[in-house]
> 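Dropping the structure in here first, questions after.
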Amino acid sequence: MSNGFDDIPFFDEEPAPRPQRGGGPQPAPLAPAGGAFEAAPPSPKSAGIAARAMAARDQHRVPDYLSGLNPEQREAVETLDGPVLVLAGAGTGKTRVLTTRIAHILASGRAFPSQILAVTFTNKAAREMKERVGVLVGGAVEGMPWMGTFHSIGVKLLRRHAELVGLKSSFTILDTDDVVRLIKQLIQADGIDDKRWPAKQFAQMIDGWKNKGLGPAEIPEGDARSFANGKGRELYAAYQARLMTLNACDFGDLLLHPIRMFRTNPDVLREYHDKFRYILVDEYQDTNTAQYMWLRLLAQRPKGVPQNVCCVGDDDQSIYGWRGAEVDNILRFEKDFPGAKVIKLERNYRSTEHILGAAAHLIAHNEGRLGKTLFTDRTDPNDDKVQVHAAWDSEEEARAVGEEIEQLQRNQHPLNNMAILVRASFQMREFEDRFVTLGLNYRVIGGPRFYERLEIRDALAYFRLVCQPADDLAFERIVNTPKRGLGDTTVRALHDYARKRDIPMLAATADIVETDEMKPKPRKSLFDVVTMFQRWQGLLETTPHTELAETILEESGYTDMWKNDKSAEAPGRLENLKELIRSMEQFESMRGFLEHIALVMDVEQNAELDAVSIMTLHSAKGLEFETVFLPGWEEGLFPHQRALDEGGRSGLEEERRLAYVGLTRAKRRCHIWFVSNRRIHGLWQSTLPSRFLDELPVTHVEVSEADQSYGGYNRGGYGQSRFDKQEPFANTYSTPGWKRAQANKTDATRDNWGNRSGVSIDRIGYGESGPKARTIDGELIAKSKIDEPSKFTVGDRVFHIKFGNGNIAGIEGNKLTIDFDRAGQKRVLDGFVERV
DNA sequence: CTCGTGCTATTTTTT
DNA sequence: ATAGCACGAG
């Protein structure tokens with residue numbers, strides 16, 4: 001009680017009032033040394049850390065939690081005053097720095113837990129950070145109310161100040177599905193053809209604008225015109241207006257409303273300036289413009305007051321440009337925050353030198369980097385090089401990977417330490433099929449998510465409507481689910497009635513059943529609906545929420561609907577509904593539960609099972625595995641054709657960063673695969689090895705010729721031994737396609753058929769000239785394919801290695817449509833056929 | 001209103 | 001190939 005802090009509970013969300021509250025420059029150290037910790041409740045762990053930290057400081061010794069850090073990490077942790085940018089390469093201990101920094105701020109008494117704003121992108125990252133800070137500090141995370149995702153913090157701000165942006169504090173959060181349905185209504189209401197102008201596309205446009213921080217008035221004229229015959233802007237405005245009447249926010253609003261609120265209410269902003277003494281941002285390279293504006297508003301300080309902002313990120317791992325992330329944010333940090341200290345973490349603790357060497361050499365092909373080079377001291381002659389494998393087709397690829405995994409398994413490697421990282425999710429199927437046959441456990445990460453399932457969304461709509469009678473989207477979703485004979489006509493009538501009177505649809509329904517506007521049948525159904533909801537609302541405060549949830553699903557006939565459903569998935573859906581109820585148990589109320597899942601759409605996986613992970617490269621960011629398999633390194637798939645077409649050079653660079661992310665996930669072993677034939681959209685396409693293979697350094701990479709046991713590509717895994725019979729095609733590397741790849745590699749403008757011979761297998765992945773960086777020819781290749789006149793003409797008789805002889809039926813750039821004698825009509829790349 | 005057929009799109013994903 | 005969706009018939 002002596003220092004004035006003792007009465008402030010350590011875990012308290014709001015330790016204010018603080019001595020110097022009320023604006024103006026703030027002295028740097030807030031609490032007297034030890035204040036925060038002595039005020040802690042009797043938690044042995046936190047007291048222990050605190051005591052140790054303090055003791056250590058008194059003795060001029062390094063506190064325990066700092067002692068394991070390398071000098072750069074320590075600098076990043078200990079530079080508490082002023083802006084800091086930590087450029088943390090993959091596997092350099094980024095999370096450790098962040099969490100230790102928080103612990104250090106707390107231990108040195110610089111701030112209370114509630115005065116630290118720590119932002120992440122995903123709930124998973126937030127969860128991990130909380131856990132790890134908890135380990136360091138001992139439970140104090142409970143008292144860190146401002147650690148979370150941009151969105152969850154946004155919600156928190158908005159719930160407090162909703163009225164400042166014209167919302168009520170009870171606003172609902174709409175997810176993508178709701179948004180699309182709402183927009184569709186608006187498009188139709190406007191008499192616009194919703195076939196030509198899909199709601200989904202417009203939802204994405206709005207999302208894009210919001211990512212840039214643009215309201216309806218601020219969007220570029222061109223954008224506004226490009227949708228629905230120039231009605232883009234009006235539609236956007238109408239959408240925002242509709243959200244207001246619904247008292248709802250979409251995800252973008254969770255960022256934009258706080259920004260607007262801060263801009264129009266400087267006094268409120270100042271309150272948060274006083275509050276947040278330290279700001280930390282994870283994965284800074286992924287921030288979009290709106291998040292950037294949000295952050296800058298909060299980070300501002302009066303002149304002379306240090307901006308204690310610490311952003312951690314890696315420009316080389318920026319893989320979300322396509323959804324609005326601005327790498328530029330990280331590149332210009334020093335300009336935005338003058339006097340910033342930039343600390344590079346380049347010492348890698350994760351991977352072997354071969355893996356790092358390969359990754360570093362690959363990423364060096366990108367321009368516009370801040371430039372880091374990962375290194376490790378750890379060199380072990382037993383470490384494998386990165387292995388590149390070729391397979392005939394994707395089926396063989398899956399088979400070979402399966403074999404490799406079984407081999408590792410026989411050598412006592414847990415499946416949990418292995419992952420298959422694909423570029424696109426359609427690639428997963430083949431692996432799954434194969435693993436099912438082999439009886440190999442696997443888990444798919446990031447597939448369709450629990451809360452996005454139909455039955456879950458339906459059930460949630462019921463719950464939402466009970467808690468929020470004004471939630472019209474929920475109403476419309478379930479009013480005729482299960483079927484109650486309420487069709488489009490009825491719902492539209494309700495909708496109109498509600499809009500005219502400016503009341504929610506449920507209320508409108510309650511009104512309308514009192515009248516004779518409806519025919520008897522729908523009227524009866526509507527009456528039942530209204531009665532049910534009134535009953536449930538009455539139970540809301542009195543009945544335990546899980547029990548109420550069950551009641552709702554029973555009484556509404558929703559569970560019966562699935563019980564009577566004969567389809568194969570019905571039992572699973574019922575199971576999911578049970579799971580849903582179970583997951584509600586850990587929440588205090590139905591409202592609390594709904595709030596949680598609006599933001600946290602994922603559900604934790606069963607960690608006990610020993611299984612291989614299968615996921616996309618995107619969802620692999622931040623993870624690590626002993627052994628990583630990277631299949632599908634082929635032109636068109638990886639780098640993806642669309643990234644090339646739509647993103648040009650920067651698209652290619654983002655793909656390359658993705659490759660970098662993939663490689664750096666591996667701790668000890670990394671296997672890359674490419675195939676010669678892949679089925680894309682149902683038809684077989686011949687494929688070229690990815691240009692990224694050319695960009696790997698010879699010193700760290702080894703080409704494994706497909707082993708006999710795999711049936712080898714030159715053994716004719718497919719189509720028997722056609723290869724063996726065709727003289728010129730002794731192996732994949734002397735096919736026309738491969739030759740063309742070689743030709744392209746050295747000179748993209750060269751004749752695609754540059755008939756060069758003598759290409760040996762040693763050349764795969766790198767030229768004889770060794771690992772020197774080459775110019776990036778992605779755009780040239782992409783363009784040349786379209787612009788160049790084809791070497792073929794319609795009607796030509798051609799031979800294809802897989803499909804045999806046929807006649808050309810059509811030509812589109814380098815893609816030929818061919819009527820094959822035996823295989824029927826196919827589309828193939830011109831590089832894979834020869835005139836006969 | 002419901003069911004069945006035909007057409008289209010098909011990278012990556014969080015909140 | 002295939003799944004999801006929209007439209008038209010019953």
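Because only heavy atoms are used, hydrogens play no part in the values below, and waters and symmetry mates are left out as well, while side chains stay in. These numbers were taken from a predicted model, which means no experiment stands behind them.
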> May I ask you to verify if any side-chain N or O of T149(A) is less than 4.0 angstrom from the OP1 or OP2 atom of dT14(B)?
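Looking at the OP1 and OP2 atoms of dT14(B), neither is under 4.0 Å from any side-chain N or O of T149(A).
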> Take atom CD1 of I173(A) and atom P of dT14(B), then tell me their distance rounded to the nearest Å.
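Taking CD1 of I173(A) and P of dT14(B), I get 17 Å after rounding.
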> Give me the atom names and distance for the closest heavy-atom approach of D253(A) to P258(A).
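In terms of heavy atoms, the two residues are closest at O-CD, 3.5 Å.
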> Rounded to the nearest angstrom, tell me the gap between atom CD1 in I319(A) and atom P in dT13(B).
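Atom-to-atom, I319(A) to dT13(B), this comes out as 9 Å.
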> Counting side-chain heavy atoms from C-beta on, which of dT12(B), dT15(B), dA3(C) comes nearest to F251(A)?
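Looking only at side-chain atoms, F251(A) lies closest to dT15(B).
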> Consider the side chain of K483(A), meaning its heavy atoms from C-beta on, and name the nucleotide among dT2(B), dT14(B), dT15(B) that approaches it most closely.
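Nearest listed nucleotide: dT2(B).
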> Classify the ring geometry between W562(A) and Y558(A) as parallel (under 30°), tilted (30 to 60°) or perpendicular (over 60°).
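Aromatic pair W562(A)/Y558(A) classed perpendicular.
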> Would you please test D282(A) and K94(A) for salt bridge (charged side-chain N to carboxylate O under 4.0 Å, His left out) and show each step?
CA-CA 9 Å; D282(A) 193 15; K94(A) 176 193 67 147; 3.3 Å; yes
> Relative to each other, are the rings of H618(A) and Y320(A) parallel, tilted or perpendicular (30° and 60° limits)?
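Because their plane-to-plane angle lies in the 30° to 60° range, the rings of H618(A) and Y320(A) count as tilted.
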> Start at the 5' end of DNA chain B and walk down; is the nucleotide closest to N480(A) or to E654(A) reached first?
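First, find each residue's nearest nucleotide; the 5'-ward one identifies N480(A).
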> Quick one: is dT15(B) close enough that its OP1 or OP2 comes under 4.0 Å of any side-chain N or O from N123(A)?
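Looking at the OP1 and OP2 atoms of dT15(B), one of them is under 4.0 Å from a side-chain N or O of N123(A).
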> Rounding to a whole Å, what distance do you find between Y320(A):OH and dT15(B):P?
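After rounding, the gap between these two atoms is 9 Å.
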> For R423(A) and for A598(A), find the nucleotide of DNA chain B with the closest heavy atom, then tell me which residue's nucleotide is more 5'.
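Its nearest nucleotide being more 5', the pick is R423(A).
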> When the P atoms of dT12(B) and dA3(C) are considered, how many whole Å apart are they?
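After rounding to an integer number of Å, I get 16 Å for this pair.
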> Rounded to whole angstroms, how far apart are CZ on R181(A) and P on dC5(C)?
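That distance rounds to 12 Å.
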> At under 4.0 Å, does any side-chain N or O of K184(A) touch on OP1 or OP2 of dA6(C)?
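Result: yes.
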> Parallel, tilted or perpendicular: which fits the ring planes of H596(A) and F587(A), with parallel below 30° and perpendicular above 60°?
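If you compare the ring of H596(A) with that of F587(A), the planes turn out tilted.
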> Can you tell me the distance, in whole Å, between the CG atom of D177(A) and the P atom of dT14(B)?
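Rounded to whole Å, this separation is 16 Å.
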> At under 4.0 Å between heavy atoms, what does L637(A) touch on the DNA or RNA strands: base, sugar-phosphate, or nothing?
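Result for L637(A) = nothing.
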> To the nearest Å, how far apart are D286(A) CG and dT15(B) C1'?
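To the nearest whole Å, that distance equals 13 Å.
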> With a non-hydrogen cut-off below 4.0 angstrom, is E646(A) in contact with a base, only sugar-phosphate, or nothing?
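Result for E646(A) = base.
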> With a 4.0 Å cut-off on heavy atoms, is T176(A) in touch with a base, just the backbone sugar-phosphate, or nothing at all?
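Base contact.
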> Has H681(A) got its ring stacked on dT10(B), by the test of a centre gap below 5.5 Å and a plane angle below 30°?
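Stacked: centres under 5.5 Å apart, planes under 30°.
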> In whole angstroms, how far is the C1' atom of dT14(B) from the CG atom of D178(A)?
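For the pair D178(A) CG and dT14(B) C1', the rounded distance is 16 Å.
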> Hey, is the main chain of G321(A) close enough, under 3.5 Å, to the side chain of E654(A) for a donor-acceptor pair?
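Checking the backbone N and O of G321(A) against the side chain of E654(A), a donor-acceptor pair under 3.5 Å is found.
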> Figure out the NZ/P separation between K210(A) and dT15(B), and round it to whole Å.
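Result: 18 Å.
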> Given dA1(C), dT15(B), dT13(B), identify the nucleotide with an atom nearest to the side chain of R679(A).
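Of dA1(C), dT15(B), dT13(B), dA1(C) is nearest to the side chain of R679(A).
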> When you compare the ring of W322(A) with the six-membered ring of dT12(B)'s base, are the centres less than 5.5 Å apart and the planes under 30° from each other?
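Yes; centroid distance and tilt both under limits.
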